[in-house]
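Let me begin by presenting the structure, written as structure tokens, before commenting on it.
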Amino acid sequence: MNKGKIIILSAPSGTGKSTIISRLMDNTDLRLGFSVSATSRAPRGAEVHGREYYFLSPEEFRTKVNNDEFVEWEEVYAGTCYGTLVSEVERVIDSGRNLIMDIDVKGALNVKKRYGGQALSIFILPPSVEELERRLRSRSTDTEESIRKRLDKAELEMSFAPQFDVRIVNDDLDRASKEVEDTIKSVIE
Ligand code: 5GP
């Protein structure tokens, strides 16, 4: 059986990445399976354990790191870790589906290095930093401190964009979603 491809999506928080991913997941032609990451942060809004993330305590996260259960993991925000579980990658890839990952830039580049041609890395860019700030504020689930942290992080993340296979600007959600979809179609069998 052919093993599936690994589609890695990275974008600054508030770039519309989650919406793009849920549209992709609705397209059955792409045969996508979402890689549910583990995180040591608490659930936000309507997030559900096992759907958006596996929400672990910092101790549980540490134990999995020590047991080598992660393909990659990063302290994405100070004190908050996120990681891709080996079990998630195997579950999807071995079933012949294509794995879609929503991970930070460093994790993305590490996964690309590890899986090479089996992986496609896509970076989604906001139209501008000002527009990103407006979007983050309108989401209103985050505190002022968290918004500032995300904006600082966004500027750093955008400096990694040239290292991705493909860069797509989300200035219009329908257009950007279609561009991501066409890019994925061009690499899957
Ligand atoms: P949020 O807290 O907004 O859900 O996610 C924060 C950041 O963590 C996002 O940039 C997201 O891509 C990243 N992230 C989520 N899961 C993983 C993972 O498994 N590994 C890495 N390296 N980053 C992740």
Side-chain angles (χ1 to χ4, degrees), residues 6-22 24-25 32-58 60-65 67-93 99-115 119-126 129 132-133 135-161 163-164 167-168 170 180:
I6 297 176
I7 312 296
I8 313 157
L9 261 129
S10 263
S13 173
T15 313
K17 179 182 50 174
S18 309
T19 312
I20 292 175
I21 291 179
S22 65
L24 293 169
M25 296 298 296
L32 293 175
F34 184 70
S35 166
V36 179
S37 296
T39 179
S40 65
R41 79 156 165 78
R44 211 169 46 207
E47 288 177 335
V48 173
H49 179 79
R51 190 178 67 189
E52 282 80 10
Y53 289 106
Y54 298 111
F55 295 100
L56 307 180
S57 68
E60 288 169 326
F61 198 99
R62 172 67 44 199
T63 302
K64 289 194 186 293
V65 169
N67 292 344
D68 250 357
E69 289 182 53
F70 287 108
V71 172
E72 61 76 37
W73 67 275
E74 297 286 335
E75 187 174 347
V76 177
Y77 299 108
T80 308
C81 295
Y82 298 79
T84 306
L85 293 160
V86 175
S87 54
E88 280 294 299
V89 176
E90 288 175 350
R91 179 177 66 83
V92 177
I93 292 298
L99 181 82
I100 186 151
M101 288 182 172
D102 168 359
I103 62 179
D104 92 310
V105 287
K106 288 190 191 144
L109 296 173
N110 283 335
V111 171
K112 174 68 193 181
K113 205 184 290 167
R114 175 165 172 161
Y115 291 97
L120 169 76
S121 59
I122 304 175
F123 193 90
I124 316 261
L125 288 152
V129 174
L132 182 65
E133 181 166 5
R135 289 183 191 176
L136 280 177
R137 291 196 186 283
S138 69
R139 188 161 81 175
S140 77
T141 42
D142 295 316
T143 61
E144 179 61 32
E145 192 201 341
S146 153
I147 289 172
R148 276 257 62 87
K149 268 207 236 169
R150 282 168 197 275
L151 278 173
D152 289 346
K153 182 97 186 159
E155 297 201 39
L156 177 70
E157 285 174 323
M158 282 160 73
S159 70
F160 285 87
Q163 297 180 55
F164 281 66
R167 285 150 294 283
I168 292 170
N170 183 10
V180 175

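Just follow the structure's listing: the first ligand is 1, and inside any ligand the first atom is 1.
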Show the short N or O contacts, below 3.5 Å, that ligand 1 makes with protein N or O atoms; if there are none, say 'none'.
from     : atom 1 : to     : atom 2 : distance (Å)
ligand 1 : 2 (O)  : Arg41  : NE     : 2.8
ligand 1 : 2 (O)  : Arg41  : NH2    : 3.3
ligand 1 : 2 (O)  : Tyr82  : OH     : 2.5
ligand 1 : 3 (O)  : Arg44  : NH2    : 3.3
ligand 1 : 3 (O)  : Arg150 : NH1    : 3.0
ligand 1 : 4 (O)  : Arg41  : NH2    : 2.9
ligand 1 : 4 (O)  : Tyr53  : OH     : 2.5
ligand 1 : 5 (O)  : Tyr53  : OH     : 3.2
ligand 1 : 12 (O) : Lys17  : NZ     : 3.2
ligand 1 : 12 (O) : Asp102 : OD1    : 2.9
ligand 1 : 12 (O) : Ile103 : O      : 3.4
ligand 1 : 12 (O) : Asp104 : N      : 3.4
ligand 1 : 16 (N) : Ser37  : OG     : 3.0
ligand 1 : 16 (N) : Asp102 : O      : 3.4
ligand 1 : 19 (O) : Ser37  : OG     : 2.7
ligand 1 : 19 (O) : Glu72  : OE2    : 3.4
ligand 1 : 19 (O) : Gly83  : N      : 3.4
ligand 1 : 19 (O) : Gly83  : O      : 3.1
ligand 1 : 19 (O) : Thr84  : N      : 3.2
ligand 1 : 19 (O) : Thr84  : OG1    : 3.3
ligand 1 : 20 (N) : Glu72  : OE2    : 2.7
ligand 1 : 22 (N) : Glu72  : OE1    : 2.9
ligand 1 : 22 (N) : Asp104 : OD1    : 2.7
ligand 1 : 23 (N) : Asp104 : N      : 3.0

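Under a 4.0 Å N-O distance rule, the pair Lys64/Glu60 does not qualify as a salt bridge.
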Quick one: do Glu47 and Arg41 satisfy salt bridge (charged side-chain N to carboxylate O under 4.0 Å, His left out)? Show the steps, please. CA-CA 12 Å; Glu47 288 177 335; Arg41 79 156 165 78; 2.8 Å; yes
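Residues Asn170 and Gly16 share a closest heavy-atom pair of ND2-CA, 3.9 Å.
Panel note: side chain Ser121, backbone Ile8; no donor-acceptor pair is recorded below 3.5 Å. Listed for the Thr39 side chain is no donor-acceptor partner under 3.5 Å among the backbone atoms of Tyr54.
More than 12 heavy atoms of other residues, nucleotides or ligands shown are found within 6.0 angstrom of NZ on Lys149.
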